[in-house]
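Just below is one structure, and these are the notes that go with it.
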Amino acid sequence: MRPTTQRPRAGTCRLRWLLFACVLACASAQAALPHERVPLDTGWRFHRGEAPGPDPQLDYDVRPEAGDHADGQDADARPTEARRAEAGERRVLKPWILPSGNALIADPARRHVRPDGDPGSDHPFVQAGFDDRGWQAVTLPHDWAIAGPFIEDGPHGGMGRLPSWGVGWYRRALEVDAADLGRRHYLDVDGAMSYATVWLNGRLVGGWPYGYSSWRLDLTPYLVAGRNQLAIRLDNPPASARWYPGGGLYRNVWLTRTAPVHVGHWGTFVTTPEVSAERAVVALDVAVDNVGDVPADIEVRTALHALDADGRPEAAVVARIAPAWLRIAPGASATARGRVAIAHPRLWGPPPTQAPHRYVAVTTLHRDGATIDRVETAFGIRALRFAPDGLYVNGERIVIRGVNNHHDLGALGAAFDRRAAQRQLEILREMGANAIRTAHNPPDPQLLELADRMGLLVVDEIFDAWERKKTPLDFHLVFPDWHEPDLRAMLRRDRNHPSIVMWGVGNEVGEQYTGEAGAAIARRLRDIVAEEDPTRPAAASMNWAKPDSPFAAVFEVIHLNYQGEGIRQSPEFEGTDRIRTPPQYPAFRAAFPGRPIFSSETASALSSRGVYLFPVSPAISGPVREGRGGDAARRQVSAYELHAADFGASADHVFAQLDRHPYVGGEFVWTGFDYLGEPTPYYASRSSYSGIVDLAGFPKDRYWLYRSRWRPDLPTVHVLPHWTWPGREGQVTPVHVFTSGDEAELFVDGISQGRKRKGAFEYRLRWDDVVYRPGELRVQAYRAGRPWAETRVRTAGPAAALDATPDRTRIAADGRDLAFIAVQVRDAAGEPVPEAADRIRFRVEGAAELVATDNGDPTDMTPFPSAERRAFSGKALAIVRALPGGGGDIVVHAEADGLRPARVVVRAEAPTEGAAP
């Protein structure tokens, strides 16, 4: 275990025993012990499946009744005596798990009473004496399914064709000094997929069903001095998600030690009710819990510091909030509220026009002159205002240029890695994205911290389903019991992040169809948001509800999925840019003239990087069909970027509708990156086709279309397709150009094909009659009549060499930091070979390991940990991790038969300590 706060060394043991004696005699001395947050990332043993033999089965018990309707919409998640009898020895855990959410249920009458007993206490895996040395040693975060193998047959495309479902067990020892038994010990879990149940020393502590929530359990009543045995069981159902959920303890797990009187879990809330360039008011609520046996008189002090660019507090105190005194009865909580003014504040806002400055509130609790707790709360000073034309940050209208992203990190799966997430955000920011919607669940908290640092706006979303199911075993089974604890957990955990501008409480939920009944649930969720955070609005993304529906009227902000631009769903419109459902922006504007409107999902355009199919559609948008953007035999979609899912549209079509309705506050594209699962239109594949960037992190052609729009002042010109087409000589091969200029001229082997200018609501330039012959394409783009940007594409020869490029040449030797090595197949002259599919072998020398490889091909079923990977459209990727404490040069080799190999050197260095969150 690596404590984040320095613990006493062995030489102080006698003093600690003396202190423990004082603890037993005096509550005030008991409170004087320090606060620690220890990462529980190492020392785990993992086993997939239940114990062999006749041991009783353990179930949360959410299976629908046998007599439920076929559509499952009236499924009752409550256990019944009949079901229990049919299950024989199956033991139901639900009554023991429900109390874990009590602290997040506002009405005491609705809280749950734990029954007597400890189900599962006789299970062999929870016993301290069980020999788990034959189990797999793992380090957290851990995704048990990402290594595969892929399941190529059957209906598993929606969940990524990886074996994420089933039961898994984790075991770890916790050593507790006798001197620490007077403190509170909490297990803090950032995410566990799913239906987690926790035992300590053979006793059932509690658990949590929803795999995306962060949660806390109190271990204190179950601890003993010395060795303690922690066991965690996860039960990930099949058919529980529409995308790849991952499996296991896939986010960080912590042991938090506090005094009996301490700042409550997620107990600080910072707001900035007054903000200007000259002056800002910072308000802070601090909730303090007394879980001790005697009343406590507590002084709450808070000092504010600015954070530097690396997230470290600056030494100078910017301001101090006046101390507050609380008298807290045993078993009670109290809240200290204070505020302070700051002159000439450094404001948090999105680049490039603003900067993401941050502060930290350092809160300390004092009792009888001793410091008993210390909590740091990072925050930003910024003013949000929602108007009929969108979002204003610090008085500036910020048009949302956002993307939706699922939680997986490609070849790394659901196991969160900070560097991998940072790389994704950097790629999206370079394109011009300024916002992220977390589709469709709370993210890892580190993602939000990255967004804070980078100045990205966030819509933090929680549910994909309410009471009406989307898959047979999704969240609808536990929504009645758990929606309040889950929602309050997300809000309290995340509300201090300045990046978050809106809360998403539902995505395309079935309650859109149920009239007033669905609206009543929506109001309940909206009201919970208002109780926890009155500073930001809540919204639910609607793909069906129309302006006259009760559902649409609930929320102060309108979020539309696809229907804002118009939804194509009718066969008679295939191959055209006509739409069946006209754009709904005007209708919502007329019904709610004072409410901001955002397109929470746009496009759902589909493509495979580097794959160009002919003929090319003359329309700007159309659904993927065989021979019209799609190739079912290869399971690939044309990269001309003109085709979409049946309910979606191309980027060009979306841009035009947004420009025709300028009051819309912006868009979130579906999606920024390809993701595991939901591989529309070819469900035999492993991953999606909707990303602007492929699963490996290689931009598709669409990337430059968005960059040309979202970064109009950056000289951009991009030409497609590639120009290596043996066998197409003499055939029409259309050439399209994406540019931030307003016109461009195309040259084929130096011969002009004409100079073209963008017309109204046009976002690409097209030369659809170009006849292919080997040679060179050159494009000169112009802005206001002057040269703006230029690019060239040449015909490549046979593959001759590999070229490898790392994303960074220095990484931390901390066992977590990663280097992403991109490999390009090139010809003898150094030109990229666009359709190369050579099999590349990777080797690593030095104190590092090859974690995974990928190529961005949705059809590639090679397991991600494989050291060999076929190039796709000429590219492949290797992901390398430095071993903890290793240091030195890491040499990565890429080799392929008949090609000149490549090598890169990455330096692993000791990690930098002390960066603040």
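Keep in mind it's a predicted model, so treat the numbers as computed, not measured.
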Taken in chain and number order and not counting sequence neighbours, the residues that satisfy side-chain contact (heavy atoms from CB on, under 4.5 Å) with V823 are L802, A804, I840, F842, A894
Once salt bridge (Lys or Arg N to Asp or Glu O under 4.0 Å) is applied, do any residues pair with R808, and if so which ones, sequence neighbours excluded? D817
Taking all non-hydrogen atoms of both residues, which atom of G380 and which atom of P498 are closest, and how far apart? N-CG, 3.7 Å
Around atom CG of D131, are there more than 12 heavy atoms from other residues, nucleotides or ligands closer than 6.0 Å? yes
Restricting to non-hydrogen atoms, name the atom on L409 and the atom on D417 that form the minimum distance, rounded to 0.1 Å. CD1-N, 3.4 Å
Check this for me: does any side-chain nitrogen of one of E152 and R161 sit under 4.0 Å from a carboxylate oxygen of the other? no
Report yes if some heavy atom in the side chain of L676 is under 4.5 Å from a heavy atom in the side chain of F864; otherwise report no. yes
D235: partners by side-chain hydrogen bond (donor to acceptor under 3.5 Å, both in side chains), with sequence neighbours left out: none
Can you see which heavy atom on N236 is nearest to which on S194, and at what distance? OD1-OG, 2.8 Å
Distance-only criterion, 3.5 Å: show the donor-acceptor pairs between side-chain atoms of residues 900-907 and protein atoms not counting sequence neighbours.
residue: R907; atom: NH1; partner: D889; partner atom: OD1; Å: 3.1

Test item: F130 and F125 side chains (from C-beta on) under 4.5 Å apart, heavy atoms: yes
Could you tell me which non-hydrogen atom of R493 sits nearest to which non-hydrogen atom of P442, and how far apart they are? NH2-CB, 4.1 Å
Among W243, Y244, Y250, Y675, the one residue meeting ring-ring contact (aromatic ring centres under 6.0 Å, His included) with H407: Y250
All side-chain hydrogen bond (donor to acceptor under 3.5 Å, both in side chains) counterparts of R401, not counting sequence neighbours: none
R843 and E895 ion-paired at < 4.0 Å: yes
At their closest point, which heavy atom of P699 faces which heavy atom of G697, and how far apart are they? CD-O, 3.6 Å
Shortest non-hydrogen contact from W44 to V253? CZ2-CG1, 4.4 Å
With a 6.0 Å cut-off on the ring centroids, do Y170 and H142 count as close? yes
Show which side-chain atoms of residues 872-882 pair as donor or acceptor with protein atoms under 3.5 Å away, not counting sequence neighbours.
residue: S873; atom: OG; partner: R609; partner atom: O; Å: 2.8
residue: R881; atom: NE; partner: G815; partner atom: O; Å: 3.4
residue: R881; atom: NH1; partner: E849; partner atom: OE2; Å: 3.2

Under a 4.5 Å cut-off applied to non-hydrogen side-chain atoms, are L255 and D188 in contact? no
